[in-house]
Amino acid sequence: MASALISRAWRRFLKPSLLSSGFTPSIFNPLISSQQCVDRYPSPNVSVSPFKPSQFVIYNLEFCRSVGSLSNFQLVVHISTSPSRLGQDKENKNQSSSNVSSGGDISWVDLYLPRLVQPYARLARLDKPIGTWLLLWPCVWSITLAAPPGHLPDFKMLALFGCGAFLLRGAGCTINDLIDRDIDTKVVRTKLRPVASGILTPFQGLSFLGFQLLLGLGILLQLNNYSRVLGASSLLLVFSYPLMKRFTFWPQAFLGLTFNWGALLGWAAIKGNLDSSIVLPLYASGVCWTLVYDTIYAHQDKEDDLKVGVKSTALRFGDSTKGWLTGFGIASLSGLALSGFNAELGWPYYAFLGVASGHLGWQIWTVDLSSRSDCNRKFVSNKWYGAIIFGGILAGRLSS
């Protein structure tokens, strides 16, 4: 009954000239099998003729057949009044398929930023904020540790370091892409980066880097003199890190020294000095933590790294990776415990530390090192590990 009503409405919608041409529209009936549908429409593209140019209609029937599963059967009817529109739709579909197959992902950068700005946003990795979180957490830990017992951390300083981490991480990515532009073209995950793909020239990248560093300098000048010198000295690590993969199997350790500099700087920004009994164990724990998450991250590129000839801890550890990561995880948690003990944090800190150890253990023992997607998921989850440690330091400071 319903099928007859729909057929009648369809006939009223079509012009008489179409019906007189002998074309009879069929109504999709979900009760007939997929095989019957294929027999009924042997060709995926059905053209109806003759048509006048102004009445040109193309019916494109696409069938997705799954034996025994009606939910997988789809009927798509595409009506176009212009042959050029059909060609445009096919071209857009092909471009979309090409972007997906080449690893391009649609992000908020593509949706909301002006086209002229998008390459610079990707160069600074604005579409991938995980790097900013990993750079920020050691700063936040240190600032919170430096707070007086029973008090919240300095919110102004947290905001300054948040902006600084955002800018410095972007500058580090720009430096990395400029130095590695020849290598990036040979690695599947990185070949679409703005400089490697040729969207931006090296001169444009350098100009953007100068802009980033200028803004970072504005943040640094808000700190005390001791912190200014300490912060400026980190640039040596920032500029030299991208070169390490060419000379040593331990570039992840060098990244740890760079990314956790905030563990020293945050304390110095509050206190105007460094308490080695607190900040050095915190810094060392951060370096070991970086060795864990960045080795997992490096397993995504190990095949390409072998072809290109660059080094990483993923290649150095090989099948023994999880054993090494377990050792680094234990060292990181031990350093955090020692730092909290010397800072006289309250008991809630150690409860949070137990939760963090569970999270780190889950990462290490469940990660599939042969799966790029799982390595990336475990890598990104480290923002929550950092948040757990921050929550523990905050609770421990307020209760001390």
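Values below: every heavy atom of this structure, side chains too, minus hydrogens, waters and symmetry copies.
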Has [X] got a side-chain atom pairing as donor or acceptor with [Y]'s backbone, closer than 3.5 angstrom?
{"X": "Q222", "Y": "I219", "answer": "no"}
{"X": "R125", "Y": "L123", "answer": "yes"}
{"X": "Q363", "Y": "S381", "answer": "no"}
{"X": "S339", "Y": "G335", "answer": "no"}
{"X": "S320", "Y": "G323", "answer": "no"}
{"X": "T174", "Y": "G170", "answer": "yes"}
{"X": "S207", "Y": "F203", "answer": "yes"}

Is the shortest heavy-atom distance from the side chain of [X] to the side chain of [Y] under 4.5 Å?
{"X": "I179", "Y": "I175", "result": "yes"}
{"X": "F254", "Y": "L237", "result": "yes"}
{"X": "L257", "Y": "M244", "result": "no"}
{"X": "S357", "Y": "L360", "result": "no"}
{"X": "L306", "Y": "E303", "result": "no"}

Next on the checklist: Can you pull out every side-chain hydrogen bond (donor to acceptor under 3.5 Å, both in side chains) where at least one residue sits in residues 250-263? Sequence neighbours excluded, please.
Outcome noted: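 Sorted pair list: Q252-D294, Q252-T313, N260-T290.
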
Measure the [atom1]-[atom2] distance between [X] and [Y] for me, rounded to the nearest 0.5 Å.
{"X": "L398", "Y": "L345", "atom1": "CG", "atom2": "CG", "result": "10.0 Å"}
{"X": "L274", "Y": "S227", "atom1": "CG", "atom2": "OG", "result": "8.5 Å"}
{"X": "L315", "Y": "F317", "atom1": "CG", "atom2": "CZ", "result": "10.5 Å"}
{"X": "L223", "Y": "I270", "atom1": "CG", "atom2": "CD1", "result": "9.0 Å"}
{"X": "R122", "Y": "D110", "atom1": "CZ", "atom2": "CG", "result": "4.5 Å"}
{"X": "L338", "Y": "S334", "atom1": "CG", "atom2": "OG", "result": "8.5 Å"}

Checklist entry - Does the side chain to side chain contact (heavy atoms under 4.5 Å, CB included) test come out yes or no for F328 and I364, once each step is laid out? => result CA-CA 10 Å; F328 290 131; I364 295 171; over 6 Å; no

When you group the ILVMFWY residues by side-chain heavy-atom contacts below 4.5 Å and let the links chain together, are [Y] and [X] in the same group?
{"X": "W362", "Y": "F379", "result": "no"}
{"X": "L215", "Y": "L213", "result": "yes"}
{"X": "L333", "Y": "V355", "result": "no"}
{"X": "Y350", "Y": "I330", "result": "no"}
{"X": "Y241", "Y": "L206", "result": "yes"}

Counting only heavy atoms not in [X], do more than 12 sit closer than 6.0 Å to its [atom1] atom?
{"X": "Y297", "atom1": "OH", "value": "yes"}
{"X": "F211", "atom1": "CZ", "value": "no"}
{"X": "W384", "atom1": "CH2", "value": "no"}
{"X": "L116", "atom1": "CG", "value": "no"}

What is the minimum heavy-atom distance between [X] and [Y], and which atoms define it?
{"X": "W267", "Y": "D275", "value": "NE1-N, 3.6 Å"}
{"X": "A171", "Y": "L209", "value": "O-CD1, 3.7 Å"}
{"X": "G272", "Y": "N224", "value": "CA-ND2, 3.9 Å"}
{"X": "R169", "Y": "P129", "value": "NH1-CA, 4.2 Å"}
{"X": "Y349", "Y": "G340", "value": "CE2-CA, 3.7 Å"}
{"X": "S277", "Y": "N342", "value": "O-ND2, 2.7 Å"}

Checklist entry - When clusters are formed from ILVMFWY side-chain contacts under 4.5 Å, directly or step by step, what else is grouped with V187? => result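 Besides V187, the hydrophobic cluster comprises I183, V308, V310, listed by chain and residue number.
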
Checklist entry - Could you give all pairs that pass the ring-ring contact (aromatic ring centres under 6.0 Å, His included) test and reach residues 179-200, with sequence neighbours left out? => result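 Pairs touching residues 179-200 that pass the test: none.
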
Checklist entry - ring-ring contact (aromatic ring centres under 6.0 Å, His included): which pairs involve residues 107-134, sequence neighbours left out? => result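 Qualifying pairs, neighbours excluded: Y120-F208, W133-W137.
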
Checklist entry - side chain to side chain donor-acceptor pair (under 3.5 Å) with K378: which of N376, D374, N382? => result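 By the side chain to side chain donor-acceptor pair (under 3.5 Å) criterion, K378 pairs with just one of N376, D374, N382: D374.
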
Checklist entry - Is the W141 ring parallel, tilted or perpendicular to the Y385 ring (thresholds 30°, 60°)? => result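 Rings of W141 and Y385: perpendicular, as their planes differ by over 60°.
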
Checklist entry - Given the rule in the side chain to side chain contact (heavy atoms under 4.5 Å, CB included) test, do L291 and W324 qualify, once you have shown the distances and angles that lead to the verdict? => result CA-CA 9 Å; L291 278 163; W324 281 91; over 6 Å; no

Checklist entry - Got a sec, which residues hit side chain to side chain contact (heavy atoms under 4.5 Å, CB included) with L369, two or more places apart in sequence or on another chain? => result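 With sequence neighbours excluded, L369 shows a side chain to side chain contact (heavy atoms under 4.5 Å, CB included) to H299, K302, T321, K322, V367, C375, given in chain and number order.
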
Item to check | salt bridge (Lys or Arg N to Asp or Glu O under 4.0 Å) between K186 and D180, worked out | outcome: CA-CA 10 Å; K186 304 173 184 177; D180 285 350; over 6 Å; no

Enumerate, atom names and distances included, each donor-acceptor pair closer than 3.5 Å involving a side-chain atom of residues 387-397, sequence neighbours excluded.
{"residue": "R397", "atom": "NE", "partner": "A147", "partner atom": "O", "Å": "3.1"}
{"residue": "R397", "atom": "NH1", "partner": "A343", "partner atom": "O", "Å": "3.4"}
{"residue": "R397", "atom": "NH1", "partner": "S400", "partner atom": "OG", "Å": "3.3"}
{"residue": "R397", "atom": "NH2", "partner": "L145", "partner atom": "O", "Å": "2.9"}
{"residue": "R397", "atom": "NH2", "partner": "A343", "partner atom": "O", "Å": "3.2"}

Next on the checklist: I'd like to know whether R193 forms a side chain to side chain contact (heavy atoms under 4.5 Å, CB included) with L200, so could you lay out the CA-CA distance, the side-chain angles of the two residues, the decisive distance to 0.1 Å, and finally the verdict.
Outcome noted: CA-CA 9 Å; R193 287 177 176 175; L200 293 178; over 6 Å; no

Item to check | Stepwise side chain to side chain contact (heavy atoms under 4.5 Å, CB included) test for K128 and S107 | outcome: CA-CA 9 Å; K128 298 177 181 178; S107 69; over 6 Å; no

